[in-house]
There are 2 protein chains.
Amino acid sequence: MDLDESCIVRHFNFYSPLSEEDKALLATLEDSASRVRAGTVLWEERDEADEFCTLKAGWAFSYRELENGTRQILEIYLPGDIIGLREFAFTQRLAGVQMVEDGEVCFFPHCNLVNIFRQSFTLTSILFAVASRQQILITERLVNLARRNARQKLAHFLLEIYQRLKQTHAHGSDSIRLPMSQEILADLLGLSPVHISRTFTALSEDGLVIRNRHKVTLPDLEALTQEAGFDDRYLIENIRPVLGGQGA
Amino acid sequence: MDLDESCIVRHFNFYSPLSEEDKALLATLEDSASRVRAGTVLWEERDEADEFCTLKAGWAFSYRELENGTRQILEIYLPGDIIGLREFAFTQRLAGVQMVEDGEVCFFPHCNLVNIFRQSFTLTSILFAVASRQQILITERLVNLARRNARQKLAHFLLEIYQRLKQTHAHGSDSIRLPMSQEILADLLGLSPVHISRTFTALSEDGLVIRNRHKVTLPDLEALTQEAGFDDRYLIENIRPVLGGQGA
DNA sequence: CGTAGTATTGACACTAGTCAAGGCGGGTGG
DNA sequence: CCACCCGCCTTGACTAGTGTCAATACTACG
């Protein structure tokens, strides 16, 4: 396997340079990829939590279902992300996970990760950073949900995805592929699908986004950033160097 | 120092039984307590993040300030909580922290915690659990903010605090002391102070809460839980036994 | 070419926000 | 002990943003 081709290696490498051994260790997590179709539920709330999973291709999301029949989407996972860290210390799933589109995932048992982290302090500290980052993403989403109006919420989300894609999947243009339905966006942003549609239209009319099927172009990043109150500090992280000291 | 008196020991003990050495190790974190007055800012966003702090007495909260002048409160900390875990892997504060009321805090440098965790696998795994739990609390708050109306938000929050206080500060009654102003509640729940007042009044009129200054009584937990869609599973955790195996 | 899912648009309702005035309570100083 | 003041809370009137429902249009896929 070409180690540099592994999504998770590329992702971890973004945090801190990896030795060849670390890369090899990490890559073992992506051994047995399996294809999954759009809409597949990887697991549901309350399932036993004894595995993690890396996302090799396709987008996914975690969600909570409420008594009142609504659904709140918590996180969007992009290729290279580790799914299931939320329950690192728990025995039960606290949220379900579903595929947005067709993709590829690699399941591996909880103990694999623990073993890897026993062998490499570098990887351990990166895991901490990755888990922290997920918490930061959630926090920012919370602020977004609580304090911004529909227009800002949508703009903010588009910028977040744009930035995240740029970091790990180098793309030069100002366009992104956005494979999610407006219903998913609504469940993510705490709005109704109808209002997502209206808001998208409004942003288009103001020349802030151009939509073409699942391709979205952001022709004026500056203005959109301004409008959304978007500050990418929470994505461009300031990672503390390896926790204690020595490497593997 | 009587180890069982330490807030943080009591708190950690809730997760998993601690050996005397572990207790002694932990208690060193609460060495140098200092008194702080209501409203004191422990740190602000963007400050350097090289310390943690345990809350020995009094309530505190973390917050983000937005460009539009509003403030979103992220978490409420109760005595025994560790503050600053959010930035475990970062060098910069991502949220400010302020005291709700007079209290006592113990600062200790980042490296202290790392040293402790080098010495005890048990404590390490509990730290993971504590950090996970904070993420779970945030997640539940996100759902609360995004998907519930004012009445449910307030009811849900009251039940959360009631449950958290019960777990670590054994109290039998159905009353809690709620030292926060309605303005703080508003910033936490994403509502205006005016609407908090109205909602409180409505809940009172329906016999679901009884207010008396800063004392709040929940006379019908059953009905309130129902109304709020509150499910305490996220607080009553299912902690995975020590991560890898051996103790210290 | 038909069908099912997805997106758009309009009319209307409702929750929560804003602004502004008034009340209550606790602390301070006389 | 009383008077005053300052925060904080309450209440009312009005407004704005978003939800809901329903009808219609579009797109992809078989």
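A note on names: the letters A, B, ... follow the listed sequences, proteins ahead of strands, and every chain is numbered from 1.
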Is the phosphate of dT8(C), meaning OP1 or OP2, less than 4.0 Å from a side-chain N or O of Gln182(A)?
yes

If you draw a 6.0 Å radius around CZ in Arg211(A), do more than 12 non-hydrogen atoms from other residues or ligands fall strictly inside?
yes

Can you check whether Ser181(A) has a side-chain N or O nearer than 4.0 Å to OP1 or OP2 of dG5(C)?
no

Walk me through it: do Arg147(A) and Gln72(B) pass the test side chain to side chain donor-acceptor pair (under 3.5 Å)?
CA-CA 7 Å; Arg147(A) 293 287 158 193; Gln72(B) 178 60 39; 2.8 Å; yes

Looking at dT6(C), I'd like to know if its phosphate oxygens (OP1 or OP2) sit under 4.0 Å from a side-chain N or O belonging to Arg211(A).
no

Hey, which of Arg151(B), Lys153(B), Arg148(B) is the one that makes salt bridge (Lys or Arg N to Asp or Glu O under 4.0 Å) with Glu227(B)?
Arg151(B)

Would you say dT8(C) has OP1 or OP2 under 4.0 Å from some side-chain N or O of Ser197(A)?
yes

Round to a whole Å and report the spacing from CD of Glu183(A) to C1' of dA4(C).
14 Å

Would Glu75(A) and Arg141(A) pass as an ion pair if we require N to O under 4.0 Å?
no

Take the protein atom CG of Asn212(A) and the nucleotide atom P of dC26(D), then report the distance between them rounded to whole Å.
16 Å

Mind calculating the distance between CG (Leu154(A)) and P (dA7(C)) to the nearest angstrom?
13 Å

In 5'-to-3' order, the base (B), backbone-only (S) or no-contact (-) status of each nucleotide in nucleotides 13-23 of chain C, using a 4.0 angstrom heavy-atom cut-off, is ---BSBB----

Separation of dG5(C) P from His214(A) NE2 (nearest whole Å):
15 Å

CD (Glu67(A)) with more than 12 external heavy atoms under 6.0 Å
yes

Using 30° and 60° as the class boundaries, would you call the ring planes of His156(A) and Tyr234(A) parallel, tilted or perpendicular?
parallel

Starting the side chain at C-beta, find the nucleotide from dG26(C), dT6(C), dT10(D) nearest to Arg213(B).
dG26(C)

From CD of Glu101(A) across to P of dA28(D) the rounded distance in Å is 16 Å

In whole angstroms, the gap separating P of dC8(D) from CG of Asp187(B) amounts to 13 Å

Can you tell which of Glu45(B), Glu87(B), Glu48(B) makes a side chain to side chain donor-acceptor pair (under 3.5 Å) with Arg93(B)?
Glu87(B)

Send over the distance from Met180(A) CE to dT6(C) C1', rounded to a whole Å.
15 Å

